[in-house]
Protein chains: 2
Amino acid sequence: MTTTDNTKQSNRDKKQQQLLDAAEKLFSQTGYDGASMSMIAKEASVPKANVLYYFKNKDSLYEAVLDRIVAQWNLGLENITPDDDPAVVLYNYIKSKIKLAIEQPMQSRLFASEIIRGAPYLQGYLRNSARPWIREKSALFQAWIDAGKMNAIDPQHLLFAIWSTTQYYADFEAEVLLVQNKLEYENSDVEKITQSIAQLILTGVGLAIPE
Amino acid sequence: MTTTDNTKQSNRDKKQQQLLDAAEKLFSQTGYDGASMSMIAKEASVPKANVLYYFKNKDSLYEAVLDRIVAQWNLGLENITPDDDPAVVLYNYIKSKIKLAIEQPMQSRLFASEIIRGAPYLQGYLRNSARPWIREKSALFQAWIDAGKMNAIDPQHLLFAIWSTTQYYADFEAEVLLVQNKLEYENSDVEKITQSIAQLILTGVGLAIPE
DNA sequence: GTCTATAATCAGATAGAC
DNA sequence: GTCTATCTGATTATAGAC
């Protein structure tokens, strides 16, 4: 009350958002070490040394970017029960992951860079959030298998396969586009990729593609 | 003859190899910008500023590392004809890729970092080598499909799916191990992963796993 | 041919003016 | 609360001694 009012608070929030957006872009393009604070400042239209006024240091800015990404990460497979139809659930999950990979590739790429480096900043997330999430979903898959709803497969490797095949179109976009001699993905690509991946994964566990 | 003899030549080659090994390790761990020339020199047991005597600059060292990786890359799917059995060919390819991912993850990770950054140094390779290679293999897959040997699928996306699912165990090793609460892959993992991936891919295109 | 000393640049971070 | 000027250290690269 005494030190801040609403406009100042929201101004600060706004600049922080600008910086997070700029940092996400640059960290995902050139990695943690490749992106400098001055580049991020320039991208966010904030005076260079001012970045450290909004974020204590480079590490904390990087962490804040990762936190924001992780927060909107594991959506799309929530509120699922053993009574649901695995074909529908898996198909929709694959479809949404591919849509995300193509429309918001930067987040996937930054996440990938972090893991490739040995996940120095995401150890806690992987241990405390990702691990229990995966165990929960694995149990669900196993319940479907035990009920004869789909063929037996190691549930964790099934999850890894879904993540790898879908995120590939974000992380390796440069390769996919170059090989196909395209400048960017076309609208029809989302559908085409979804069909190919869904065919492999769903048929692979004995399910038919819905509709 | 006048300026070098065999021992000096081989001494130079030896140091270059040491430097390439060290650079591959460090570039794959922390990326192009994260690995400094002094770290690489230390890792290779070569005086710091001496690295630039063997390689013109940081870029050319990085390029040399990439060239060496790419040279031993696309093996495992050579000398294949439409007369071969797709199930055997694909199974062996998947198996060898997973073995490579687990035993030599650094190469896959460095390659992935480079592509994530937009492939600044691998554009030429992707355009001139990878693209025709993929087109050739795609035509082969299509011949199998046309002959009724496997179910219809876009051959390029099939290749991407094989690469993504197998390389995932190298690139995202930190995540896979953390989630499974392991320090490193066990011998049995290669077999287990191969079975899971082969099941998805092969069953996914209507093939049975060989033997 | 090999290595030491050093230059030139740029990074992240800080002190203090407004 | 915001921003300018500056510091310290690390980086790549070079010049030149052995």
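Every chain is numbered from 1, with letters handed out A, B, ... down the list of sequences. Quick caveat, the model's predicted, so the values are computed rather than measured.
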Exercise. Between A:Trp133 and A:Glu78, is any side-chain donor less than 3.5 angstrom from a side-chain acceptor?
Worked result: yes
Problem set entry | Neighbours of DNA chain D within residues 20-42 of chain B, by heavy-atom distance under 4.0 Å | B:Ala35, B:Ser36, B:Met37, B:Ser38
For this session: Determine the minimum heavy-atom distance between B:Leu126 and B:Ala119, stating which atoms define it.
Result: CD1-CB, 3.9 Å
Problem set entry | Flag, side chain of A:Ser196 to backbone of A:Lys192, donor-acceptor distance under 3.5 Å | yes
Problem set entry | Test: B:Lys137 cationic atom under 6.0 Å from B:Tyr93 six-membered ring centre, within 45° of axis | no
Exercise. In this structure, which one of A:Tyr62, A:Phe27, A:Phe111 forms a ring pair (Phe, Tyr, Trp, His ring centres under 6.0 Å) with A:Tyr121?
Worked result: A:Tyr62
Exercise. What bend angle does the helix from C:dG1-D:dC18 to C:dC18-D:dG1 show across its length, from five-pair end axes and to the nearest 10 degrees?
Worked result: 0°
Exercise. Should the pair A:Lys97 and A:Tyr169 be classed as cation-pi, given the thresholds of under 6.0 Å to the six-membered ring centre and 45° from the axis?
Worked result: no
Exercise. Rounded to the nearest 0.5 Å, how far apart are CD of A:Glu103 and CD1 of A:Ile98?
Worked result: 12.0 Å
For this session: Return yes if some donor-acceptor pair links the side-chain N/O of B:Asn128 with the main-chain N/O of B:Gly124 below 3.5 Å, else return no.
Result: yes
Exercise. Under a 4.0 Å heavy-atom cut-off, which of residues 47-61 of chain A touch DNA chain C?
Worked result: A:Lys48, A:Ala49, A:Leu52, A:Asn57, A:Lys58
For this session: Determine whether the side chains of B:Gln199 and B:Gln195 contain a donor N or O and an acceptor N or O closer than 3.5 Å.
Result: no
